[in-house]
**Student:** 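Below are the structure tokens for one structure; questions will follow.
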Amino acid sequence: MDIDLRKLRYFVAVAEELHFGRAAERLYITQPVLSRQIRALEQDLGTTLFARNRRSTELTPTGQVLLEEARPLLASAIALTRRLTRAAHGAPAFTIAFMPGTTVTAAVRTLTARHPGLTVNLMRTTWDDQTDVLHDGRADAGLVRMPVEQRGLRLLPLYTEPRVAVVSTEHRLAGKTTIKVADLAGEPMLQDPDAVPEWRDLPGRLTGHPATPRPVFHSVEEKLEHVAASHGVIVLPLSVAAYYTRPDVTHVPVDDIPPNQVCLAWSRTRRSPLVQEFADIAADHFATTPRPHPV
């Protein structure tokens, strides 16, 4: 059975919005057209994907499975289109993504020296999109900071680095030589708790009122503004904290949490020899590069 990718894209929009009207607006089509396409997809698959009534739209168990499978399938299709477009333009290109605090300059120089006609593009990513750019083809390979969703990716561990707590210069912990993660138990954490499970699992940590949603910040810069205003603290890899130097915040080593792991990642669907060559170059480079230590 063949699955229509257009119908699959429509399905993902409805599954993410759980509202046919909003999904139709997002897709720039009318709601009746969208409803017909979803019914046609359900007929193609011989199953119900949504439980609908006048008040709500919910995914059925089958719909939940399809959503998990559909996202990487659509990302692969987009990635293929991008690679074909680049190939059609004739000039060979290779895009490397990198997270804040990571550096790929030396590895890129080695790659370009081996392939003088190759255009190497660099792309800065964030915690929100560091793997998305690999799945959808915007980048061929990327330096990622763990943890990431590993499904559909190949990962090559490169190095680790210490993590530090970033606090306001007026904070009670500012100026400490080192601290324990338990010292952060009463502090609002301005990041996803899953990013710092050692803090998340502390007894008596500050959780806030259950009806109050945790603010979502999409960049280190945003988080640092709130740290400087004494709204909370964040835990960052040392190189990131050092990169964003500013006079109103400081960082303190946390000596009982594991270091951050940096990996080179690429899509499992990629079979390009150039990806493996760059992986080998990166492994050699980072094996001999000194890493920062707290001071």
**Student:** Checking side-chain contact (heavy atoms from CB on, under 4.5 Å) for the pair V233/V235: CA distance, chi angles, key distance, verdict?
**Tutor:** CA-CA 7 Å; V233 303; V235 172; 5.9 Å; no
**Student:** In the single-linkage hydrophobic clustering (I, L, V, M, F, W, Y; side-chain heavy atoms under 4.5 Å), do F11 and L18 co-cluster?
**Tutor:** yes
**Student:** Pair E221, R246 - check salt bridge (Lys or Arg N to Asp or Glu O under 4.0 Å), show working.
**Tutor:** CA-CA 11 Å; E221 292 89 346; R246 48 186 292 170; over 6 Å; no
**Student:** Between the main-chain N or O of L49 and the side-chain N or O of E42, is there a donor-acceptor pair closer than 3.5 Å?
**Tutor:**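 Flag set: sc E42 to bb L49 pair under 3.5 Å.
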**Student:** For the residue pair A13 and L27, what are the closest heavy atoms and their distance?
**Tutor:**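 What the structure gives for the nearest pair is CB-CD1, 3.7 Å.
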**Student:** Counting neighbours of CD on E170 that are heavy atoms of other residues, nucleotides or ligands and sit closer than 6.0 Å, is the number greater than 12?
**Tutor:** no
**Student:** For the CG atom of L111 and the CD1 atom of I96, what is their distance to the nearest 0.5 Å?
**Tutor:**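 One gets 6.0 Å once the value is rounded to the nearest 0.5 Å.
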**Student:** Check the side chains of E161 and S239 for a donor-acceptor pair under 3.5 angstrom, ignoring hydrogens and angles.
**Tutor:** yes
**Student:** Would you say N260 and R145 are linked by a side-chain donor-acceptor pair, where the criterion is simply a distance under 3.5 Å?
**Tutor:**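 Their side chains do contain a donor-acceptor pair, which is all the 3.5 Å distance test asks for.
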**Student:** When you measure from the side chain of D129 to the backbone of D132, do you find a donor-acceptor pair of N or O atoms at a distance under 3.5 Å?
**Tutor:** no
**Student:** Go through the steps for R163 and V254 under the test side-chain contact (heavy atoms from CB on, under 4.5 Å), then give the verdict.
**Tutor:** CA-CA 7 Å; R163 290 189 291 170; V254 186; over 6 Å; no
**Student:** Just checking, any donor-acceptor pair under 3.5 angstrom between side chains of E277 and H115?
**Tutor:** yes
**Student:** Kindly indicate, with the supporting measurements, whether the criterion side-chain contact (heavy atoms from CB on, under 4.5 Å) is fulfilled by F50 and T62.
**Tutor:** CA-CA 9 Å; F50 295 99; T62 306; over 6 Å; no
**Student:** For S168 and T250, work out which heavy atoms get closest and say how close.
**Tutor:** O-CG2, 4.3 Å
**Student:** Can you tell if the side chain of L264 reaches within under 4.5 Å of the side chain of V144, non-hydrogen atoms only?
**Tutor:**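 They are not in contact (no side-chain heavy atoms under 4.5 Å apart), so the answer is no.
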**Student:** Do the side chains of E25 and Q31 get nearer than 4.5 Å, heavy atoms only?
**Tutor:** no
**Student:** Please round to the nearest 0.5 Å and tell me the distance separating atom CE of M123 and atom CG of D140.
**Tutor:**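 Taking CE in M123 and CG in D140, the distance rounds to 9.0 Å.
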**Student:** Which pair of heavy atoms, one from A15 and one from L59, lies closest together, and at what distance?
**Tutor:**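 Looking at all heavy atoms of both residues, the closest pair is CB-CD2, 3.9 Å.
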**Student:** With a 4.5 Å limit on heavy-atom distance, are the side chains of T178 and P253 in contact?
**Tutor:**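 They are in contact (side-chain heavy atoms under 4.5 Å apart), so the answer is yes.
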**Student:** Is there side-chain contact between Y244 and L236, with heavy atoms separated by less than 4.5 Å?
**Tutor:** no
**Student:** When you measure from the side chain of T102 to the backbone of F98, do you find a donor-acceptor pair of N or O atoms at a distance under 3.5 Å?
**Tutor:** no
**Student:** Taking all heavy atoms of L156 and all of A283, pick out the closest pair and write down the distance.
**Tutor:** CD2-CB, 4.0 Å
**Student:** Find the distance between CH2 (W266) and OG (S272) and round it off to the nearest 0.5 Å.
**Tutor:**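 The distance works out to 11.5 Å.
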**Student:** Check this for me, if you would: do R22 and E16 make a salt bridge, where the nitrogen-to-carboxylate-oxygen distance has to be below 4.0 angstrom?
**Tutor:**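 E16 and R22: not salt-bridged.
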**Student:** If you measure from CG on L158 to CD on Q261, what distance do you get to the nearest 0.5 Å?
**Tutor:**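 It comes to 7.5 Å.
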**Student:** Does the distance from a Lys or Arg side-chain N to an Asp or Glu carboxylate O, for E149 and R71, drop under 4.0 Å?
**Tutor:**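 Looking at R71 together with E149, the answer is no, because their closest N to O distance does not fall below 4.0 Å.
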**Student:** Does the side chain of T110 come within less than 4.5 Å of F278's, by heavy atoms?
**Tutor:** no
**Student:** Check the pair Q64, L67 against side-chain contact (heavy atoms from CB on, under 4.5 Å), reporting the backbone distance first and the verdict last.
**Tutor:** CA-CA 5 Å; Q64 292 173 349; L67 180 59; 5.8 Å; no
**Student:** Can you find a heavy atom in the side chain of R114 that is under 4.5 Å from one in the side chain of I281?
**Tutor:** yes
**Student:** Report the residue from I29, L5, L41 that forms a side chain to side chain contact (heavy atoms under 4.5 Å, CB included) with Y10.
**Tutor:**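 It is I29; the other options fail the test.
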**Student:** Tell me whether the rings of H231 and H226 are parallel (<30°), tilted (30 to 60°) or perpendicular (>60°).
**Tutor:**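 Plane angle between 30° and 60°, so tilted.
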**Student:** Please report the closest heavy-atom contact between V14 and F20, naming both atoms and the distance.
**Tutor:** CG1-CE1, 3.7 Å
**Student:** Kindly give the heavy-atom pair with the smallest separation between T60 and T48, and that separation in Å.
**Tutor:** OG1-O, 2.7 Å
**Student:** Would you say the side-chain atoms of R268 pair up with the backbone N or O of L153, donor to acceptor, closer than 3.5 Å?
**Tutor:** yes
**Student:** Quick check against the 3.5 Å criterion: does W199 have a side-chain atom that pairs as donor or acceptor with the backbone of L184?
**Tutor:**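 Here the side-chain-to-backbone pair exists.
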**Student:** Going by side-chain heavy atoms closer than 4.5 Å, which hydrophobic residues are tied to M99, directly or by a chain of links?
**Tutor:**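 Taking Ile, Leu, Val, Met, Phe, Trp and Tyr as members, M99 shares its hydrophobic cluster with W127.
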**Student:** Quick one, L8 and L66 - any side-chain contact, counting heavy atoms below 4.5 Å?
**Tutor:** yes
**Student:** Any donor-acceptor pair under 3.5 Å linking the side-chain atoms of S267 with those of T269?
**Tutor:**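 Per modelled atom types, T269 and S267 side chains form a pair under 3.5 Å.
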**Student:** Roughly how far, to the nearest 0.5 Å, is CD of Q150 from CG of L155?
**Tutor:** 5.0 Å
**Student:** Start with the C-alpha gap between K180 and E198, add the side-chain angles, then the distance that decides, and say whether salt bridge (Lys or Arg N to Asp or Glu O under 4.0 Å) holds.
**Tutor:** CA-CA 10 Å; K180 303 288 187 183; E198 301 83 7; over 6 Å; no
**Student:** Nearest 0.5 Å, please: how far is NZ in K223 from CE in M189?
**Tutor:** 10.5 Å
**Student:** Decide yes or no for T160 and V262: does some side-chain heavy atom of the first lie under 4.5 Å from some side-chain heavy atom of the second?
**Tutor:** no
**Student:** Going by an N to O cut-off under 4.0 Å, is there a salt bridge joining E58 and R52?
**Tutor:** no
